[in-house]
Protein chains: 2
Amino acid sequence: MAKLLTIGQLANHCGVTVRAIRHYHRVGLLPEPVRDHSGYRRYGAQAVVDLVRIKVLADAGVPLAQISHLLSADPDEFGAAVAGIDEALQQQIIQVEHRRQQLLGLLAGDQLVLPSEVAEMLNDLREIGVSEQGVQIERDGWILLAALSPEVVPEWTMQKRAALDDAEFRRIYLAYDNARDWDPNDPRLKALADRTVQWTTTRSDAAIGARSDTSPSDPNVMLVAQLMDAESAYTSPALNRLAELCRERLGRSARPAS
Amino acid sequence: MAKLLTIGQLANHCGVTVRAIRHYHRVGLLPEPVRDHSGYRRYGAQAVVDLVRIKVLADAGVPLAQISHLLSADPDEFGAAVAGIDEALQQQIIQVEHRRQQLLGLLAGDQLVLPSEVAEMLNDLREIGVSEQGVQIERDGWILLAALSPEVVPEWTMQKRAALDDAEFRRIYLAYDNARDWDPNDPRLKALADRTVQWTTTRSDAAIGARSDTSPSDPNVMLVAQLMDAESAYTSPALNRLAELCRERLGRSARPAS
DNA sequence: CTTGACATTGACCTCGCGTCAGGGTTGCAA
DNA sequence: TTGCAACCCTGACGCGAGGTCAATGTCAAG
């Protein structure tokens, strides 16, 4: 007897589901086979061959519509297509490796969400003794900056790290960090504003004297300092007041916050 | 100014689409941010952090429903989950490599659709001089056999290859291959039936004398011969007639085809 | 003051099947 | 003989993760 396969036997043998085979029939990917006297589909050897090809291609990620096109292609065309698919699989492997890296990066703090040089700078801040809240505020500022103007980040980071090499700047920075929780009328704010302005002007002169190649480097010293309180100014009345005091002392050489 | 991001800026910076972000809002994966005066969504730094985490996990294949669960998990739980996801990715790589093998197998004939020993046997047939049509018919028979009773394939293949070591069997087999196109009344069919029956009986005796450990080995010699024309009998009147003649000569020791 | 890029909501489309409903068929054991 | 479990049939709806289209509102710049 010409023993033919039922849909279940075919599915089982080829490692697909019955439902998948019927789906392939509906979309015209696999031809409908003969039916037996009670309407059951009966499959011959060619169906096994076809289905194996379909399954391998589908597992490789080829869309069904494209598979039906491939099955009716001549061997040369088919070989070329297979080569292309194989290349796509190789690239997929590379992608997955990359995703593994990213995934493991999730376990390691802010690296993923910030350029590495900024992450390093934040670590410098922590080592200097900046409060965790202060570091967080800096981080948020840099995240937004990186989203809005990624091109300025490397330059600004360099400037900031250069400033942090200066002991006086570090002291001022830590003072700002502490000042966040002060009363806006605290008398120490005036002294801190004086110190800030003094450091800024001497630093600005030094920068101009040192090199004139990077033309906007001297206002950047200011901007770097401002970045520090750009965000926190909205959550800290004391730092808000402090910024105002600095602006008074600098006249309109620093433009007002809009 | 507390510069916040529009949905497009956020999407761009994080490498996702605007539509995806809105989708995450709908399914509660990412909290809806504040709106500006004209109803636009405005995102802060935390949204960037959240979205990056979502994207990395989603790219790693984690379902969104599970991601929302993960984002509110404690670090230990999160670390364990990440380890699990990473393992899944590693297995995915192995799978893809396997699929590459299968894919390349498509270019190399029947290996994928048949156990290797059967494929080798088919190559033996080609070398002996069997017509391409004859090989195809054999192949189709073995495909169906492998689908219906895979467990008998290794044994039957061994039997067949053993028979093919016999010069007389090879001659008979080639004669069958030629006879496929004969007229069913061709007088040569009788002679061929005689030869078949004679070979079968002597071979059967020899097999019984040689070893009695594999109990059903002597009827199998018959079955192996029958397999050869099991399929072709339906497409070749001459082979059909030939099978009938063999049955006459063997009496009812071979059961009738139902 | 218009133009083009961007934002809003909402409804339907895609792919590759899974799942359920509501039946008919087959084969084997009690 | 009669279960009854295990198949098979068609047809319709569901899902995940967004994409696409429509109709409308808003922003920035020449």
Side-chain angles (χ1 to χ4, degrees), chain A residues 1 3-30 32-43 47 51 53-71 85 88 99 147-149 258, chain B residues 1 3-30 32-43 47 50-51 53-71 85 88 95 99 147-149 258:
Chain A
M1 62 226 99
K3 202 70 200 229
L4 296 181
L5 308 178
T6 67
I7 195 169
Q9 289 167 332
L10 176 64
N12 228 307
H13 183 60
C14 294
V16 305
T17 65
V18 169
R19 193 62 182 77
I21 294 177
R22 291 205 271 246
H23 184 60
Y24 298 154
H25 288 321
R26 244 191 296 276
V27 300
L29 190 48
L30 193 63
E32 280 276 2
V34 296
R35 304 290 182 122
D36 68 12
H37 68 99
S38 58
Y40 288 15
R41 293 177 178 85
R42 290 305 193 137
Y43 297 88
L51 187 51
R53 289 158 68 91
I54 290 169
K55 179 180 160 46
V56 170
L57 289 170
D59 282 351
V62 183
L64 298 193
Q66 208 174 331
I67 291 178
S68 61
H69 179 238
L70 272 182
L71 292 185
I85 296 161
R99 275 160 195 173
L148 289 166
S149 327
S258 65
Chain B
M1 65 227 93
K3 205 73 202 244
L4 296 181
L5 308 177
T6 68
I7 196 170
Q9 289 168 330
L10 176 64
N12 228 306
H13 182 60
C14 293
V16 306
T17 65
V18 169
R19 191 61 179 80
I21 293 177
R22 292 207 269 249
H23 185 60
Y24 297 156
H25 288 321
R26 250 201 295 280
V27 301
L29 189 48
L30 193 64
E32 280 277 2
V34 295
R35 305 289 184 121
D36 67 13
H37 68 97
S38 59
Y40 288 15
R41 293 177 179 85
R42 290 307 194 134
Y43 297 88
D50 290 349
L51 187 51
R53 289 158 68 90
I54 290 169
K55 179 179 161 48
V56 170
L57 290 170
D59 282 351
V62 182
L64 298 193
Q66 209 174 330
I67 291 178
S68 61
H69 179 238
L70 272 182
L71 291 185
I85 296 160
Q95 263 193 22
R99 275 158 195 174
L148 287 166
S149 327
S258 65

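Protein chains get the first letters and strands the later ones, always in sequence-line order, with residue 1 at the start of each. Just so it is clear, the structure is predicted and the values come from calculations on it, not from any experiment.
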Next item on the list: Just do the side chain to side chain contact (heavy atoms under 4.5 Å, CB included) check on A/D36 and A/T6 with the steps written out, would you?
Entry: CA-CA 10 Å; A/D36 68 12; A/T6 67; over 6 Å; no
To the nearest angstrom, the CD-C1' distance between A/Q66 and C/dG16 comes to 15 Å
**Request:** Look at B/S38 and D/dC27 and indicate whether a side-chain polar atom (N or O) is within less than 4.0 Å of OP1 or OP2.
**Result:** yes
Which part of the nucleic acid, if any, lies within reach of B/R35 when heavy atoms closer than 4.0 Å are counted: base, sugar-phosphate only, or nothing? sugar-phosphate
Per atom distances to the A/A20 side chain, the nearest of D/dA12, D/dA17, C/dC17 is C/dC17
When rounded to whole Å, the CD to C1' distance for the pair A/E32 and D/dC9 reads 11 Å
Can you see if the side chain of B/T17 gets near the phosphate of D/dG18 - specifically, an N or O under 4.0 Å from OP1 or OP2? no
note: B/I21, atom CD1; C/dT9, atom C1'; distance rounded to Å ~ 16 Å
Checking A/L29, A/L30, A/V18, A/L64 against A/H23 for side chain to side chain contact (heavy atoms under 4.5 Å, CB included), the one that qualifies is A/L64
When rounded to whole Å, the CZ to P distance for the pair B/R19 and C/dA11 reads 12 Å
For nucleotides 3-8 of chain D, 5' to 3', base contacts (B), sugar-phosphate-only contacts (S) and non-contacts (-) with protein non-hydrogen atoms under 4.0 Å give ----BS
Of the candidates C/dT26, C/dC17, D/dG18, the side chain of B/L64 sits closest to D/dG18
Over all strands shown, is A/H37 touching base, sugar-phosphate only, or nothing at heavy-atom distances under 4.0 angstrom?
sugar-phosphate
query = Is the phosphate of C/dC17, meaning OP1 or OP2, less than 4.0 Å from a side-chain N or O of A/Y24?
reply = yes
To the nearest angstrom, the NZ-P distance between A/K3 and C/dT26 comes to 12 Å
Atom CZ of B/R26 and atom P of C/dT9 are separated, to the nearest Å, by 8 Å
Kindly indicate, with the supporting measurements, whether the criterion side chain to side chain contact (heavy atoms under 4.5 Å, CB included) is fulfilled by B/V34 and B/L4.
CA-CA 10 Å; B/V34 295; B/L4 296 181; 4.2 Å; yes
d(B/H69 NE2, B/Q66 CD) to nearest 0.5 Å is 8.5 Å
Separation of C/dC6 atom P from B/R42 atom CZ, nearest Å, is 14 Å
Margin query: Apply side chain to side chain contact (heavy atoms under 4.5 Å, CB included) to residues A/R53 and A/L71 and explain how you reach the verdict.
Written below: CA-CA 8 Å; A/R53 289 158 68 91; A/L71 292 185; 3.7 Å; yes
Between B/D36 and B/A65, whichever has its closest DNA chain D nucleotide further toward 5' is B/A65
Please tell me if the side chains of B/I21 and B/Y43 come closer than 4.5 Å, counting only heavy atoms from C-beta onward. yes
Separation between CZ (B/R35) and CZ (B/R42), nearest 0.5 Å, reads 12.0 Å
note: A/L57, atom CG; C/dG16, atom C1'; distance rounded to Å ~ 15 Å
